[in-house]
Trainee: 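Mind looking over this structure? Questions follow.
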Amino acid sequence: MEYRFNEIEKKWQDQWKANKVYKVSNESAKPKYYVLDMFPYPSGAGLHVGHPLGYIASDIYSRYKRLKGFNVLHPMGFDSFGLPAEQYALETGQHPADTTEKNIATFKSQLNKIGFCYDWDREVRTSDPQYYKWTQWIFLQLFNSYFCNTEKKALPIVLLIKKYETKGAMPKTGEAIPGKHFTAAEWKGYSKKQQEDILMKRRLAFCAYGEVNWCAALGTVLANDEVVNGVSERGGHPVEKRKMRQWYLRITAYADRLLEGLEKVEFSDSMKEMQRNWIGKSQGAEMDFAIKNSAEKLRVYTTRPDTIFGVDFMVVAPEHELVNKITTADQKEEIEKYLGYVKSRSERERIAEVKQITGCFTGAYAINTFNGKEIPIWIGEYVLAGYGTGAIMAVPCGDQRDFAFAKHFNIPITNIIGNHFNGADANATKEAVLENSGFLNGFLMKDAINIAVNKIEELGIGIRKINYRMRDAGFSRQRYWGEPFPIIWSDGIAIPLDAAELALELPHVDKYGPGPEGEGPLANIDEWTNLPGDARRETSTMPGYAGSSWYFLRYMDPHNITTFCDRKASDYWNQVDIYIGGTEHAVGHLLYSRLWTKILFDLGYIGYEEPFKKLVNQGMIQGSSRFVYRLKMSILFREDYDFFKENNVDVFISDNIRLNFLKDPVNFKFLPYLKTKFPDLDYSYFEGIPNSVEISPDLMIPLHVDVKMVDGFELDQDAFKKWRSEFENAILITDVDGKFICKGDVEKMSKSKFNTENPNDLVDKYGADTFRMYEMFLGPVEMSKPWDTKGIEGVHRFLRKLWRLFNDELKGKIWTEDKATDAELKIVHRTIKKIEEDTEKFSFNTAVSAFMICINDLFDVKCHKKEVLEKILILLVPYAPHIAEELWHQLGNDGSILDAKYPEFNPALLVESSKEYPISINGKVRANIKLALDLDQAAVEQIVLQNEVIQKWLEGKAPKKIIYVKNKMVNVVI
RNA sequence: GCCCAUGUGGCGGAAUUGGUAGACGCAGCAGACUCAAAAUCUGCCAUUCGCAAGGGUGUGAAGGUUCGAUUCCUUUCGUGGGCACCA
């Protein structure tokens with residue numbers, strides 16, 4: 001009888017389904033354990049081989065915990081709102097709800113094929129109105145709450161209103177500032193709109209103005225992902241910054257608690273570090289500088305007030321409100337020009353490209369209070385409006401970016417750190433003794449920080465201030481496929497829907513294009529958007545992370561129609577015991593879900609404020625991507641830009657030609673090259689373009705193409721033209737042999753990169769058990785690796801070999817009921833120990849190899865005994881459940897192996913009395929000697945020195961020292 | 001650029017707290033079985049010098065600490081991920 005994995009896996013999957021073996025109850029005498037995967041976005045490409053890496057790991061762990069006697073919750077669902085479905089809708093006209101439904105069906109069938117132990121009765125989908133009803137409900141809780149700075153927690157906004165009505169909002173000390181403080185009487189005198197505007201500034205979910213990527217040509221706001229090299233990915237249109245009203249979550253209020261919470265969770269240090277860096281807490285001072293000939297003051301934030309005497313210039317963010325006010329007449333034109341340039345730059349480009357130094361002098365000067373020095377005020381793109389005060393004091397001797405800026409614009413540099421500054425590079429030390437620093441002279445910098453802040457406060461020109469790099473989280477998208485906001489606008493006031501009116505369902509649309517003025521598609525649906533009177537619905541939708549910020553709670557009580565999750569259920573399942581997912585979510589999703597959990601905790605809806613007790617990061621299975629290079633039309637073919645645009649013509653070049661360019665980009669003339677190399681091409685498109693047009697590397701934009709259209713590196717040109725409507729008329733400039741070669745690269749596997757691989761093919765060929773074990777065998781779960789199927793045969797051979805311990809092709813059943821020998825038991829118990837340890841620490845690759853070693857050993861001793869094999873099968877259940885169940889039944893067992901009792905390891909069987917010690921001379925192993933484990937140093941030295949090989953190396957000399965580490969090694973130093 | 005991770009044979013990778021580098025597997029080579037193939041089994045398999053015995057070198061690179069470093073420290077290079085509207 002041979003190992004027919006297809007039949008076996010089908011048989012048991014059907015049986016398990018029929019018997020509902022994965023059904024999980026909220027009531028059990030067993031201890032609970034909650035194993036959670038980051039749920040997938042159901043992309044149109046289907047599940048790819050990268051997804052199961054984490055899912056297999058969590059499935060193994062869940063099954064292991066179950067065998068160990070836990071009531072295990074291990075659910076799965078779908079993060080089914082998102083941009084890709086909408087983009088697909090734009091391209092094909094299919095409704096996102098339909099494509100999403102279809103994609104989920106594909107995902108589920110793929111997941112089931114691999115044999116995961118999910119309780120599908122608990123499935124959640126973020127795009128299901130029954131689910132997003134509660135996402136909207138939680139949004140309302142956020143909207144109706146504020147962060148109380150005294151209690152450091154969220155409280156219902158009605159309490160704040162009550163406070164305003166009774167006490168107003170007056171400063172604890174000092175004078176009330178008009179516009180900021182008010183009495184109860186004043187509050188009552190405010191109009192409804194005025195009151196609401198004040199409250200909006202405190203709500204946890206609030207509206208404010210923020211910048212978006214605006215693409216005028218497409219009439220829409222673009223995601224960062226849709227902007228490539230400063231132009232839109234679709235069509236290559238220019239993109240610029242534009243201010244729009246947006247929703248935000250006040251995550252900054254929780255910055256400290258998010259930091260403190262990290263102490264209580266088991267995340268890897270690097271993960272915690274990433275979150276800490278994202279939050280970016282810094283201590284420093286905020287101070288005001290007078291501006292020469294102006295009543296305005298420039299407020300800067302600095303973490304290094306000790307360097308105040310080294311300030312040689314100020315840099316203000318180009319968006320800073322002061323820029324208009326202080327720019328002098330003769331600098332106006334230049335500043336305007338610079339502002340135009342900055343508008344086209346993404347934030348990333350602005351901070352990343354340090355080699356390219358840009359800036360512009362405003363003509364204004366700030367006055368350094370401490371020495372009266374006049375400090376030129378510049379604007380520069382490396383200063384961002386969103387961080388600190390949007391203005392910095394630049395100390396070129398101490399900060400590299402300031403230094404580069406000063407050098408570039410020939411601003412004289414003041415040295416305040418003596419010979420710590422070499423004139424060639426800035427030195428950010430805190431250990432230098434200050435010079436040229438007035439009252440700070442002679443102080444060590446790190447001590448001077450405090451002295452400087454005290455002085456600043458004493459003079460009343462500034463305050464000690466803690467700052468966070470983190471900004472409030474943008475929470476609205478000008479898109480269709482997301483949760484609608486349960487908000488109606490009337491007279492400029494946001495009115496929340498009543499909870500009873502939820503879910504506010506997404507209306508059906510026929511067109512997915514943007515609404516007027518960059519609003520989302522919902523703005524196009526008059527009857528939905530415009531309500532009686534002046535009332536108008538919010539037309540933005542929530543971002544992708546809304547639904548994923550609380551889904552782990554819904555799994556606990558997925559069908560509840562009266563609340564998002566019954567308190568009894570959330571108390572029972574409590575925190576997620578182990579959460580498995582990729583590091584790419586290190587800051588986004590993980591911070592947001594931690595925030596939501598804290599808020600729900602503050603408001604008393606759940607009993608814990610950290611959602612995930614322990615986090616395991618799975619690595620990424622990388623894909624092998626293919627690119628084509630598009631020539632940037634707008635620049636290269638200026639004269640004929642309109643023609644190309646109207647006719648929807650894009651030009652792509654084969655990678656070989658591109659490489660030719662790169663060899664000599666200066667002298668390479670594009671058109672002459674083409675005409676000599678490809679005399680037969682139709683050049684009518686290029687008529688009128690001067691031959692001298694040059695192409696530089698940055699005029700060639702890489703574009704992912706579907707790896708399925710590429711054979712090795714050669715593009716299927718017809719398939720490419722049919723791939724997207726906009727490529728229908730594309731000109732493909734091929735190599736001389738007519739082949740179009742793509743560039744290859746290894747990167748994240750994702751639909752948007754068109755480099756996904758489907759696990760189904762492998763499951764069909766080798767079976768789910770082989771696939772599961774192979775993915776684990778690839779390497780440590782937390783490590784990233786490019787996808788490769790090279791080693792899968794080995795894992796498959798292992799399972800077949802296991803099978804042959806039970807069955808012989810000719811003889812049939814060969815297992816016996818004989819009593820196991822000590823040697824056989826030793827193999828089993830060594831394996832139990834190893835598998836248990838490895839499973840506990842998520843070292844699944846070494847566990848798989850331990851299984852292999854075990855089976856090889858059992859083969860060597862020709863062991864076919866039920867007593868031995870049975871234990872191995874139970875160990876194997878988490879890894880290869882189908883074959884384990886099948887063989888379990890072949891051994892004559894009745895019940896399912898899924899609920900067997902995990903074998904216990906007996907240490908007595910593994911005790912050794914001696915060990916083969918490596919004996920080194922000066923750290924190099926020269927001999928091996930078997931020594932009893934209970935020997936002392938003197939006895940070991942004696943034996944070792946008598947050894948022939950050691951004597952040879954000693955050449956008659958006495959050793960300087962002999963190091964003996966029990967159970968490890970012996971080192972003879974000569 | 002900044003933050004985080006990572007770098008070991010032809011390949012994936014292994015190596016408690018610093019203690020025999022290369023487990024396990026893939027590929028490759030040689031052989032057995034077979035009319036043949038598949039399957040299976042046996043042996044070899046970092047590199048270099050050597051007939052061999054045995055030696056030298058070797059964990060991205062360069063230094064350092066140590067009796068001993070893949071492991072700890074410093075510097076540096078490459079790669080992957082994230083950088084706020086992809087999920």
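Lettering of chains follows the sequences in order, A, B, ..., and the numbering in each one begins at 1. Nothing here was measured: the structure is a model prediction, and the numbers come from that model.
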Trainee: Let me spell it out: for each of Lys785(A) and Val972(A), pick the nucleotide of RNA chain B with the closest heavy atom. Which residue's pick is nearer the 5' end?
Mentor: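 On the 5' side of the pair lies Lys785(A).
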Trainee: Only pairs with both distances under 3.5 Å count, Watson-Crick or wobble alike; so what is the partner of U71(B) in this structure?
Mentor: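 Result: none.
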Trainee: Can you measure Phe78(A) atom CZ to A87(B) atom C1' for me and round it to whole angstrom units?
Mentor: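 Computing the Phe78(A):CZ to A87(B):C1' distance gives 14 Å.
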Trainee: Mind listing the N/O atom pairs, protein and nucleotides 26-31 of chain B, below 3.5 Å?
Mentor:
residue: C26(B); atom: OP1; partner: Arg797(A); partner atom: NH1; Å: 2.4
residue: C26(B); atom: O2'; partner: Lys790(A); partner atom: O; Å: 2.9

Trainee: NA contact type, Ile853(A), heavy-atom cut-off 4.0 Å: base, sugar-phosphate, or nothing?
Mentor: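 Ile853(A): backbone/sugar contact only, no base atoms under 4.0 Å.
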Trainee: Between G82(B), G19(B), A84(B), spot the one nearest the side chain of Val587(A), thanks.
Mentor: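 Closest nucleotide among those given: G82(B).
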Trainee: Rounded to the nearest angstrom, tell me the gap between atom CD1 in Ile104(A) and atom P in A87(B).
Mentor: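 Nearest whole value for this atom pair: 15 Å.
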Trainee: What is the nucleic acid contact for His589(A), judged by heavy atoms within less than 4.0 Å: base, sugar-phosphate only, or nothing?
Mentor: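 His589(A): no heavy atom of the nucleic acid under 4.0 Å.
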Trainee: Among A87(B), G25(B), C41(B), which nucleotide sits nearest the side chain of Glu584(A)?
Mentor: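 That would be A87(B).
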Trainee: Nearest heavy atom decides the nucleotide; on that basis, is Leu83(A) or Asn845(A) closer to the 5' end of RNA chain B?
Mentor: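 It is Asn845(A), whose closest nucleotide lies nearer the 5' terminus.
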Trainee: Just checking Ser268(A): base, sugar-phosphate only, or nothing, at a heavy-atom cut-off of under 4.0 Å?
Mentor: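 If one applies the 4.0 Å heavy-atom cut-off, Ser268(A) turns out to touch nothing in the nucleic acid.
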Trainee: With a 6.0 Å cut-off on the ring centroids, do Phe842(A) and Phe844(A) count as close?
Mentor: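 Ring centroids of Phe842(A) and Phe844(A) are less than 6.0 Å from each other.
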Trainee: Mind checking Gln478(A) for me? I need base, sugar-phosphate or nothing, with any heavy atom below 4.0 Å counting as a touch.
Mentor: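 Base contact - Gln478(A) has a heavy atom under 4.0 Å of at least one base atom.
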Trainee: Identify which nucleotide among G55(B), G12(B), A84(B) has an atom closest to any side-chain atom of Phe777(A), counting heavy atoms from C-beta outward.
Mentor: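 For Phe777(A), the side-chain atoms sit closest to G12(B).
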Trainee: Are Glu916(A) and Lys930(A) ion-paired here, with the side-chain N under 4.0 Å from a carboxylate O?
Mentor: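 No.
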Trainee: Base, sugar-phosphate alone, or nothing: which one does Asn856(A) contact when heavy atoms must sit under 4.0 Å apart?
Mentor: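 Answer is sugar-phosphate: Asn856(A) comes under 4.0 Å of backbone atoms only.
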Trainee: What contact category does Pro84(A) fall into here, base, sugar-phosphate, or nothing, at under 4.0 angstrom with non-hydrogen atoms?
Mentor: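 Sugar-phosphate, no base atom in range.
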Trainee: Of all the nucleotides listed (C3(B), G13(B), A84(B)), which has the minimum atom distance to the side chain of Met274(A)?
Mentor: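 Among C3(B), G13(B), A84(B), the one nearest the side chain of Met274(A) is C3(B).
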Trainee: Please evaluate residues Lys834(A) and Asp838(A) with respect to the criterion salt bridge (Lys or Arg N to Asp or Glu O under 4.0 Å), reporting the C-alpha separation (whole Å), side-chain torsions for both, the decisive distance (0.1 Å), and the verdict.
Mentor: CA-CA 6 Å; Lys834(A) 177 76 176 153; Asp838(A) 285 354; 3.2 Å; yes
Trainee: Rounding to a whole Å, what distance do you find between Ile950(A):CD1 and C67(B):P?
Mentor: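 Whole-Å distance recorded here is 19 Å.
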Trainee: Taking the P atom in each of A27(B) and A39(B), what is the distance between them to the nearest angstrom?
Mentor: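 Roughly 10 Å separates the two P atoms.
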Trainee: Measure across Gly50(A) and Gln618(A) and return the closest heavy-atom pair with its distance rounded to 0.1 Å.
Mentor: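 Shortest heavy-atom contact: O-NE2, 4.1 Å.
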Trainee: Measuring only the C1' atom in each nucleotide, how far is U20(B) from A87(B)? A whole number of Å is fine.
Mentor: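 Result for the C1' pair: 47 Å, nearest Å.
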Trainee: Would you mind telling me which of C67(B), C41(B), G19(B) lies closest to the side-chain atoms of Lys961(A)?
Mentor: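 Nearest to the side-chain atoms of Lys961(A), counting from C-beta on, is C67(B).
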Trainee: Which of the following nucleotides, G55(B), C85(B), C4(B), is nearest to the side chain of Arg926(A)?
Mentor: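 Closest nucleotide to the Arg926(A) side chain: G55(B).
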Trainee: If the C1' atom of A21(B) is compared with that of G28(B), how far apart are they to the nearest Å?
Mentor: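 After rounding to an integer number of Å, I get 22 Å for this pair.
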Trainee: Measure CD/Gln618(A) against C1'/U6(B) and give the value in whole Å, please.
Mentor: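 Answer to the nearest Å: 17 Å.
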Trainee: Indicate, with a heavy-atom threshold strictly under 4.0 Å, whether Val227(A) touches base, sugar-phosphate, or nothing.
Mentor: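 Nothing, no heavy atom under 4.0 Å.
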Trainee: In whole angstrom, give me the gap between the P atoms of U70(B) and U16(B).
Mentor: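 Pairwise P distance, U70(B) against U16(B), rounds to 13 Å.
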Trainee: With no angle test and no hydrogens, is the base of U20(B) tied to the side chain of Lys924(A) by a donor-acceptor pair under 3.5 Å?
Mentor: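 It does not, because no donor-acceptor pair links the side chain of Lys924(A) to the base of U20(B) below 3.5 Å.
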Trainee: Taking the same atom, P, in C29(B) and in A37(B), what whole-Å distance lies between them?
Mentor: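 The answer is 15 Å between these two P atoms.
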Trainee: His585(A) side chain: which of A87(B), A14(B), C4(B) is closest?
Mentor: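 Given the options A87(B), A14(B), C4(B), the side chain of His585(A) is closest to A87(B).
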Trainee: Indicate, with a heavy-atom threshold strictly under 4.0 Å, whether Asn971(A) touches base, sugar-phosphate, or nothing.
Mentor: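 The answer is base, as Asn971(A) lies within the cut-off (heavy atoms under 4.0 Å) of a base atom.
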Trainee: So if I apply the side-chain contact (heavy atoms from CB on, under 4.5 Å) rule between Val221(A) and each of Met244(A), Gln246(A), Glu226(A), which one comes out positive?
Mentor: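 With Val221(A) as partner, Met244(A), Gln246(A), Glu226(A) yield a single side-chain contact (heavy atoms from CB on, under 4.5 Å), made by Met244(A).
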Trainee: Side chains of Thr541(A) and Trp247(A): does their closest heavy-atom pair fall under 4.5 Å?
Mentor: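 No, side chains not in contact.
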Trainee: Mind checking Pro780(A) for me? I need base, sugar-phosphate or nothing, with any heavy atom below 4.0 Å counting as a touch.
Mentor: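 Sugar-phosphate: the residue Pro780(A), judged by heavy atoms under 4.0 Å, touches backbone atoms but no base.
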Trainee: Does the pair Arg245(A)/Glu538(A) count as a salt bridge with the N-to-O cut at 4.0 Å?
Mentor: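 Glu538(A) and Arg245(A): salt-bridged.
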Trainee: Describe the nucleic acid contact of Trp953(A) in one word from base, sugar-phosphate, nothing, applying a heavy-atom distance below 4.0 Å.
Mentor: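 Sugar-phosphate: the residue Trp953(A), judged by heavy atoms under 4.0 Å, touches backbone atoms but no base.
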Trainee: Just the rounded figure in Å: distance from C1' of U40(B) to NZ of Lys862(A).
Mentor: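 So the two atoms are 13 Å apart, to the nearest Å.
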Trainee: Choose from C24(B), G13(B), A84(B) the nucleotide whose nearest atom is closest to any side-chain atom of Met470(A).
Mentor: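 For the Met470(A) side chain, the nearest candidate turns out to be A84(B).
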Trainee: Just label G43(B) as syn or anti from its O4'-C1'-N9-C4 or O4'-C1'-N1-C2 angle, using within 90° of 0 for syn.
Mentor: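 That one's anti.
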Trainee: Using atom C1' of each nucleotide, how far apart are A62(B) and G55(B) to the nearest Å?
Mentor: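 To the nearest whole Å, 27 Å.
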Trainee: Would the base of C3(B) count as contacting Asn277(A) through its side chain, where contact means a donor and an acceptor less than 3.5 Å apart?
Mentor: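 Checked by distance alone, the answer is no.
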Trainee: Can you tell me if the side-chain N/O atoms of Arg471(A) get under 4.0 Å from OP1 or OP2 in A84(B)?
Mentor: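 Checking Arg471(A) against A84(B): no side-chain N or O falls below 4.0 Å of OP1 or OP2.
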Trainee: Name the closest nucleotide to the Thr583(A) side chain, picking from A87(B), G19(B), G81(B).
Mentor: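 Ranking A87(B), G19(B), G81(B) by closest atom to the Thr583(A) side chain puts G81(B) first.
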Trainee: Name the nucleic acid region contacted by Gln246(A), choosing base, sugar-phosphate or nothing; use a 4.0 angstrom heavy-atom cut-off, strictly under.
Mentor: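 Since a base atom lies under 4.0 Å of Gln246(A), the category is base.
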Trainee: Is the backbone of Asn922(A) close enough, under 3.5 Å, to the side chain of Ser920(A) for a donor and an acceptor to pair up by distance?
Mentor: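 The answer is no, because no donor-acceptor pair under 3.5 Å joins these two groups.
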Trainee: Parallel, tilted or perpendicular: which fits the ring planes of His585(A) and His589(A), with parallel below 30° and perpendicular above 60°?
Mentor: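 Geometry flag for His589(A) against His585(A): perpendicular rings.
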Trainee: From G19(B), U20(B), A84(B), pick the nucleotide closest to the side chain of Asn224(A)?
Mentor: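 Selected nucleotide: A84(B).
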Trainee: Answer yes or no: is there a donor N or O on one side and an acceptor on the other, between the side chain of Thr583(A) and the main chain of Ala586(A), under 3.5 Å?
Mentor: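 Judged by distance alone, no pair lies under 3.5 Å.
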Trainee: Is there a side-chain polar atom (N or O) of Arg800(A) under 4.0 Å from OP1 or OP2 of U40(B)?
Mentor: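 The answer is yes; a side-chain N or O of Arg800(A) sits under 4.0 Å from OP1 or OP2.
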Trainee: Any carboxylate oxygen within less than 4.0 angstrom of a Lys/Arg side-chain nitrogen, looking at Glu319(A) and Arg350(A)?
Mentor: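 Result for this pair is yes, salt bridge flagged.
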Trainee: Considering every strand and a 4.0 Å limit on heavy-atom distances, what is the contact class for Lys960(A): base, sugar-phosphate, or nothing?
Mentor: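 Result for Lys960(A) = nothing.
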